[in-house]
S.K.: 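Have a look at this one before I ask anything.
The chain is numbered in sequence order, starting from 1. Everything quoted here is computed from the prediction, not taken from an experiment.
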Amino acid sequence: MPTPLIAGNWKMNGSRALVDDFGRAFGDAELPESVAVALMVPFPYLDAASRAFEGTPLVLGAQTLSDRPSGAFTGEVSGEMLRDCGARMVLVGHSERRTLFGEDDDAVLARVRAALDLGLAPVLCLGETLEERDAGRTEAVVLGQLEVVFDALGADERARLVLAYEPVWAIGTGRTATPAQAQAVHGAIRARLARYDAGLAADTQVLYGGSMKAANAAELLAQPDIDGGLIGGASLNVDEFLAICQSAG
């Protein structure tokens with residue numbers, strides 16, 4: 001089974017003080033040895049987080065990246081810059097990037113390639129809207145988003161990705177997919193990975209990203225194909241996030 005991964009996504013939240021709080025808390029925390037932990041912090045705090053997280057189990061990640069290596073692209077941040085600030089992982093294709101900032105499948109693939117080229121681990125986000133779920137299109141949408149990327153990559157590249165299933169209707173709404181609903185989609189993702197390679201299916205971390213919190217983490221993480229969580233609001237509270245990490249052990 002893949003190593004469980006709990007990854008926090010602060011979105012456009014946080015502060016230098018919160019970065020320091022997490023660094024201190026995780027420097028002292030006793031976590032299960034089998035659990036990996038990452039935090040995706042806003043760009044301005046990457047450098048401070050790199051220093052604060054040193055000597056802790058926290059892996060530093062970013063929330064997106066440009067598909068361009070450098071140049072006259074005001075406001076953009078390249079993968080090289082992320083790596084220079086200590087990031088080792090980066091979210092790609094988060095539903096908010098897709099819906100609010102117009103990143104289509106081609107843009108997501110370009111960003112995955114940019115991350116891979118620089119040795120960053122892309123966390124590829126997949127998910128359906130409420131309308132798509134109600135129309136019975138969940139698997140078609142989620143697996144379609146997966147295939148656009150994986151069909152374009154080589155076997156070695158596919159093995160370097162982490163996947164995160166995030167039902168869009170359960171993000172920030174207080175609604176959560178039941179463990180059975182989440183497992184059904186995770187199982188479909190795992191089965192699709194097996195069509196590429198059985199080893200890929202066995203080794204790829206597939207996270208659940210729909211309003212996981214301390215109160216429901218253990219039940220979700222007990223599902224056979226859920227390998228961890230992509231945590232939103234709950235990752236802004238040290239105690240809550242620590243409790244989720246403990247549940248993954």
S.K.: Is the NZ or CZ atom of Arg24 positioned over Phe22's six-membered ring, under 6.0 angstrom from the centre and within 45° of the axis?
M.R.: no
S.K.: If Ile, Leu, Val, Met, Phe, Trp and Tyr residues are connected whenever their side-chain heavy atoms lie under 4.5 Å apart, and connections chain through other members, are Val148 and Leu124 in the same group?
M.R.: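 Different clusters: Val148 never reaches Leu124 through Ile, Leu, Val, Met, Phe, Trp or Tyr contacts under 4.5 Å.
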S.K.: If we ignore angles and hydrogens, is there a donor and acceptor under 3.5 Å between the side chains of Trp169 and Glu132?
M.R.: no
S.K.: Does Ile189 share a hydrophobic cluster with Leu109, counting links as ILVMFWY side-chain heavy atoms below 4.5 Å and allowing steps through other members?
M.R.: yes
S.K.: Let me see the working for Lys11 and Glu96 under salt bridge (Lys or Arg N to Asp or Glu O under 4.0 Å), right down to the final yes or no.
M.R.: CA-CA 10 Å; Lys11 306 189 179 185; Glu96 292 159 4; 2.8 Å; yes
S.K.: Do the side chains of Val59 and Leu31 join up, straight or via other hydrophobic residues, at under 4.5 Å, putting them in one cluster?
M.R.: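 They do not share one cluster, since no chain of ILVMFWY contacts under 4.5 Å joins Val59 to Leu31.
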S.K.: For Asp67, does its backbone N or O pair with a side-chain atom of Arg111 as donor and acceptor, under 3.5 Å?
M.R.: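 Such a contact is absent between Arg111 side chain and Asp67 backbone.
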S.K.: So that I know where these two stand, are Phe53 and Phe26 an aromatic pair - ring centroids less than 6.0 Å apart?
M.R.: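 No, ring centres 6.0 Å or more apart.
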S.K.: Side chains of Gln63 and His94: is there a donor and an acceptor less than 3.5 Å apart?
M.R.: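 Per modelled atom types, Gln63 and His94 side chains form no pair under 3.5 Å.
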S.K.: Would the number of heavy atoms belonging to other residues, nucleotides or ligands and lying under 6.0 Å from CD of Glu54 be above 12?
M.R.: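 No, CD of Glu54 has 12 or fewer neighbouring heavy atoms, counting only those of other groups under 6.0 Å.
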S.K.: What is the minimum heavy-atom distance between Gln183 and Ile226, and which atoms define it?
M.R.: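 Heavy-atom minimum between the residues: OE1-N, 4.2 Å.
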S.K.: According to a 4.5 Å side-chain heavy-atom criterion applied to Ile, Leu, Val, Met, Phe, Trp and Tyr, with indirect links allowed, do Tyr165 and Leu163 form part of one hydrophobic cluster?
M.R.: yes
S.K.: Determine whether the aromatic ring centres of Trp10 and Phe241 lie less than 6.0 Å apart.
M.R.: no
S.K.: Can you name the closest pair of heavy atoms from Ala177 and Leu220 and give their distance?
M.R.: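 Distance-wise, the nearest heavy atoms are O-CD2, 4.2 Å.
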S.K.: Please find the pair of heavy atoms, one from Gln205 and one from Pro2, that lie closest to each other, and give the distance.
M.R.: CG-CB, 3.8 Å
S.K.: Which heavy atom in Ala164 sits nearest to a heavy atom in Leu230, and how many Å separate them?
M.R.: CB-CD2, 3.9 Å
S.K.: Kindly work out whether a path of hydrophobic side-chain contacts (I/L/V/M/F/W/Y, heavy atoms less than 4.5 Å apart) joins Leu5 to Leu120.
M.R.: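 Unlinked, Leu5 and Leu120 end up in two clusters.
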S.K.: Checking Tyr208 against Asp227: is there a side-chain donor and acceptor pair closer than 3.5 Å?
M.R.: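 On atom types as modelled, these side chains do not qualify, holding no pair under 3.5 Å.
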